[in-house]
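Input: a single structure, listed below in structure tokens.
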Amino acid sequence: MGSMDEERSLLEAELNQAESSGLYTGDGSVDFNGNPILKQNTGNWRACPFILGNECCERLAYYGIATNLVSYLTKKLHEGNVSAARNVTTWQGTCYLTPLIGAVLADAYWGRYWTIAAFSTIYFFGMCTLTLSASIPALKPAECVGSICPSATPAQYAVFFFGLYLIALGTGGIKPCVSSFGADQFDDTDPNERVKKGSFFNWFYFSINIGALISSSLLVWIQDNAGWGLGFGIPALFMGLAIGSFFSGTALYRFQRPGGSPITRMFQVLVAAFHKRSLKVPEDSTLLYETGDKHSAIEGSRKLEHSEELKCLDKAAIVTDVETKSGDFSNPWRLCTVTQVEELKILIRMFPIWATGIVFSAVYAQMSTMFVEQGMMMDTKIGSFTIPPASLSTFDVISVIFWVPIYDRIIVPIARKFTRKERGFSELQRMGIGLFISVLCMSAAAVVETRRLHLAKELDLVDKQVAVPISILWQIPQYFLLGAAEVCTFIGQLEFFYDQSPDAMRSLCSALSLLTTSLGNYLSSFILTLVTYFTTKGGQIGWISDNLNEGHLDYFFWLLAGLSFLNMLVYTLCASRYKQKKAS
């Protein structure tokens, strides 16, 4: 018995020595079997190609469906324009809501690796179902005969939408976990690896846009010219490759243990604080309850240092005389650790920063709506070639692909010399730069529209619903600026919500950042509804009429530019007051 105790003591001594010498990770990550993990053999950039390959293939699969979905619904399922548009927006909205499901499962029970694995399989089955529905004659309506187009049967609709919503469910487990799982491969406690983590987010977003570029160009052409069975089959194949790429790197990955339900922990803090609402918070924060050893009571999480704001929540960590006498500190609904209280404080502090992302997403939504409508009323011919107005969104993707390496390899090293920050700019500074560029983007769109309307007036085209002879290529600057804003704001959000979120809530916070995209689309629709209501009062034509030549789309763009500017001011105020997370 004594020899076993000696062996255990020796093993613990060796492990402590290895940790202090920097051989093992210091952020609580483990290997596939749950053992402490050596830095030199795992994680870092050596594990990232498998994760980036997975994301590139998955996004190619997603955009291979999403980009041209409305065409399939109208041309093959013979839906009307309104019904098709409603089905597409409902599905896309669902794709940005389901990440909340995947995030809770990842943080609470399964961990990010198994959540990605399980939901990727669901995703793949959805892709295969969709491919079959577009390939097997019995699962799709007959072709139109002249102007007569037979409707899809309930069974045909059921198979198609079953596959489509399996994809929506599948993406819910992938979206909030892949970026966080990739960032998990870099040790937070190692300064060198922490710098590389910032670079990872840049190349992660780069991978997304490579997949989007291939989908919006090559796959759309295949779907329109070679058939939808092949057009859906290729994304399904790439989803299979995404799963293969992900599993291939298993031996190299670093894993974070799930820490239990983050939602439950938040409610425990609120209940415990309410139960002790009459108690006074001690001046000395060390008197608040925390576990005695170096490990947090929350699995897979480091301890968080006490912060001074929101002291009403600190009451959840007050140790009462009854608890001291009984020695029972095991009921989390009555007594929470400082780390658990700080988790909720962090989420509350992040909320104003999160909210400003909704306005930016509303601006981003114009790329697929008002920018396209503006382009339809411009000269789309370049010689004998006609440019589809929607295809100009490719310049946004090209802009992202252009700016990511420029930012990562040129701007960051230069900024680092002036700011002395390891990533050049902090996440908050980077997001602020993106919000400023979004103001320039909407201003550029407004200037182009003002020029287009002026030309329409000069040529007496105001009352005619025809394109004005001004080249659609004048839209390129607004798309290019939007891409630059994306590189700063969206990637900054990825970094911010990963770095500042509690260790055991990273998937949930990533899902909340994705939620801004969904809410931004709803905000855009709400603004559009208000503008239409107020500008058409008294029989007025309105800013956004069916004939844009007699409307004032430029006013709408200036309105969004003004809202973006106000949003930037609010963001600057919130960012200047934001207190960074402090983990032990």
| K345: side chain to side chain donor-acceptor pair (under 3.5 Å) partners, not counting sequence neighbours | D314, E342

| request: For the residue pair F161 and W91, establish whether any side-chain heavy-atom pair is separated by less than 4.5 Å. | output: no

| query | Minimum heavy-atom separation for A168 to T98, with atom names? | reply | O-OG1, 2.8 Å

| request: Please state whether the rings of Y253 and F50 are parallel, tilted or perpendicular, taking 30° and 60° as the class boundaries. | output: perpendicular

| field | Sequence neighbours excluded, every pair satisfying ring-ring contact (aromatic ring centres under 6.0 Å, His included) that has a member inside residues 327-353 | value | Y289-F329, F351-W354

| ring pair (Phe, Tyr, Trp, His ring centres under 6.0 Å) between Y109 and W114: does it pass, once the steps are laid out? | CA-CA 10 Å; Y109 308 111; W114 286 114; over 10 Å; no

| If you look at every heavy atom in V400 and G483, which pair is closest and at what distance? | CG2-O, 3.7 Å

| R302 (side chain) donor-acceptor with D503 (main chain) under 3.5 angstrom | no

| With a distance cut-off below 6.0 Å to the six-membered ring centre and an angular limit of 45° from the axis, does K197 pair with Y498 as a cation-pi contact? | no

| query | Are the side chains of E343 and S501 in touch, meaning some heavy atoms are under 4.5 Å apart? | reply | no

| said: Quick test of your reading of the model: are E323 and R334 salt-bridged, counting only N-O distances below 4.0 Å? | reply: no

| field | side chain to side chain donor-acceptor pair (under 3.5 Å) partners for E55, two or more places apart | value | none

| Residue pair E58 / Y123, side-chain donor-acceptor N/O under 3.5 Å | yes

| message | Tell me the closest heavy-atom pair linking P502 and C509, and the distance in Å. | response | CD-SG, 4.5 Å

| message | For a 4.5 angstrom cut-off between non-hydrogen side-chain atoms, does R423 reach D499? | response | yes

| message | Contact between R430 and V487 at the side-chain level, heavy atoms closer than 4.5 Å - yes or no? | response | yes

| remark: Taken to the nearest 0.5 Å, the spacing of M239 CE from T121 OG1 works out to 8.0 Å

| task | Indicate yes or no for a side-chain donor-acceptor contact from T42 to the backbone of L38 under 3.5 Å, with no hydrogens or angles considered. | result | yes

| said: I want to check something: taking the side chain as every heavy atom from C-beta on, are L435 and F565 in contact at a cut-off of under 4.5 Å? | reply: no

| request: For Y165, look at atom OH and say whether over 12 heavy atoms of other residues, nucleotides or ligands are found less than 6.0 Å away. | output: yes

| task | May I ask you to check whether F425 and F418 place their ring centers less than 6.0 Å from one another? | result | no

| message | Testing R506, K196, R254, R194 one by one against D188 for a salt bridge (charged side-chain N to carboxylate O under 4.0 Å, His left out), which residue passes? | response | R506

| message | Nearest 0.5 angstrom please: S564 OG to L440 CG, how far? | response | 10.0 Å

| field | Between R59 and S207, a side-chain donor and acceptor under 3.5 Å | value | no

| message | Quick one: does any side-chain atom of T489 pair with a main-chain N or O of E486 as donor and acceptor, under 3.5 Å? | response | no

| said: I'd like to know if the side chain of R46 reaches the main chain of Q40, judged simply by a donor and an acceptor atom lying under 3.5 Å from each other, with no hydrogens or angles considered. | reply: yes

| query | When rounded to the nearest 0.5 angstrom, what distance separates CG in L313 from CD1 in I348? | reply | 5.0 Å

| request: Measure the OG-CG distance between S361 and N521 for me, rounded to the nearest 0.5 Å. | output: 7.5 Å

| note | Sorted by chain and number, sequence neighbours left out, side chain to side chain donor-acceptor pair (under 3.5 Å) with S120 holds for none

| field | Polar side chain donor-acceptor pair, S180 to S510, under 3.5 angstrom | value | yes

| query | Would you say the side chains of S199 and D408 form a donor-acceptor pair under 3.5 Å? | reply | yes

| said: Under the criterion side chain to side chain contact (heavy atoms under 4.5 Å, CB included), I'd like the reasoning laid out for F206 against L52: C-alpha separation, chi angles, the key distance, then a yes or no. | reply: CA-CA 9 Å; F206 183 87; L52 295 177; over 6 Å; no

| query | Can you list the steps and then say if I527 with L559 is a side chain to side chain contact (heavy atoms under 4.5 Å, CB included)? | reply | CA-CA 10 Å; I527 294 170; L559 173 65; 4.2 Å; yes

| Can a cation-pi geometry be assigned to K175 and Y96, taking NZ or CZ under 6.0 Å from the six-membered ring centre and within 45° of the ring axis? | yes

| query | Within the side chain of Q580, is there an N or O that forms a donor-acceptor pair under 3.5 Å with the backbone of Q500? | reply | no

| said: Is there a side-chain contact between N44 and E193 in this structure, where contact means two heavy atoms from C-beta onward sitting under 4.5 Å apart? | reply: yes

| query | Should F200 and Q185 count as side-chain neighbours, where that means a heavy-atom distance under 4.5 Å? | reply | no

| note | Given the options V269, I263, T264, F267 meets side chain to side chain contact (heavy atoms under 4.5 Å, CB included) only with I263

| note | Rounded to the nearest 0.5 Å, the CE atom of M431 sits from the OH atom of Y571 at a distance of 4.0 Å

| message | Quick one, I243 with F247, criterion side chain to side chain contact (heavy atoms under 4.5 Å, CB included). Give me CA distance, side-chain angles, the key distance, then yes/no. | response | CA-CA 6 Å; I243 295 171; F247 282 123; 3.4 Å; yes

| message | With side chain to side chain contact (heavy atoms under 4.5 Å, CB included) as the criterion, how do I346 and L304 come out once you've worked through the C-alpha distance, each side chain's angles and the decisive distance to 0.1 Å? | response | CA-CA 10 Å; I346 286 171; L304 295 170; 3.8 Å; yes

| task | Check for a donor-acceptor pair, side chain of E495 on one end and backbone N or O of G492 on the other, with a separation under 3.5 Å. | result | no

| Partner residues of Y364 under the ring-ring contact (aromatic ring centres under 6.0 Å, His included) criterion, sequence neighbours left out | F490

| request: Identify the two heavy atoms, one from T324 and one from V319, that lie closest to each other, and give their separation to 0.1 Å. | output: OG1-CG1, 3.4 Å

| How are the rings of F255 and Y113 set to each other: parallel, tilted or perpendicular (split at 30° and 60°)? | perpendicular

| request: Taking N54 for its side chain and A242 for its backbone only, find out whether a donor-acceptor pair lies under 3.5 Å. | output: yes

| note | In short, V341 meets A317 closest at the heavy-atom pair CG2-CB, 4.2 Å

| message | Could you check whether atom CZ of F125 has more than 12 heavy atoms from other residues, nucleotides or ligands sitting under 6.0 Å from it? | response | no

| Side chains of L530 and Y533: closer than 4.5 Å at any heavy-atom pair? | no

| said: Surrounding CH2 of W203 (heavy atoms of other residues, nucleotides or ligands, distance under 6.0 Å), is the total greater than 12? | reply: yes

| said: Under 4.0 Å between a side-chain nitrogen and a carboxylate oxygen: does that hold for K39 and D187? | reply: yes

| message | Checking the side chain of R416 only, and the main-chain atoms of P413 only, is there a donor and an acceptor separated by less than 3.5 Å? | response | no

| query | About how many Å separate CH2 of W403 and CG of L481, when rounded to the nearest 0.5 Å? | reply | 9.0 Å

| What is the minimum heavy-atom distance between C95 and P99, and which atoms define it? | O-CD, 3.2 Å

| said: With a sphere of 6.0 Å drawn around NZ of K579, does it hold more than 12 non-hydrogen atoms of other residues, nucleotides or ligands? | reply: no

| request: Report the residues that fulfil side chain to side chain donor-acceptor pair (under 3.5 Å) with Y407, sequence neighbours left out, ordered by chain and then residue number. | output: none

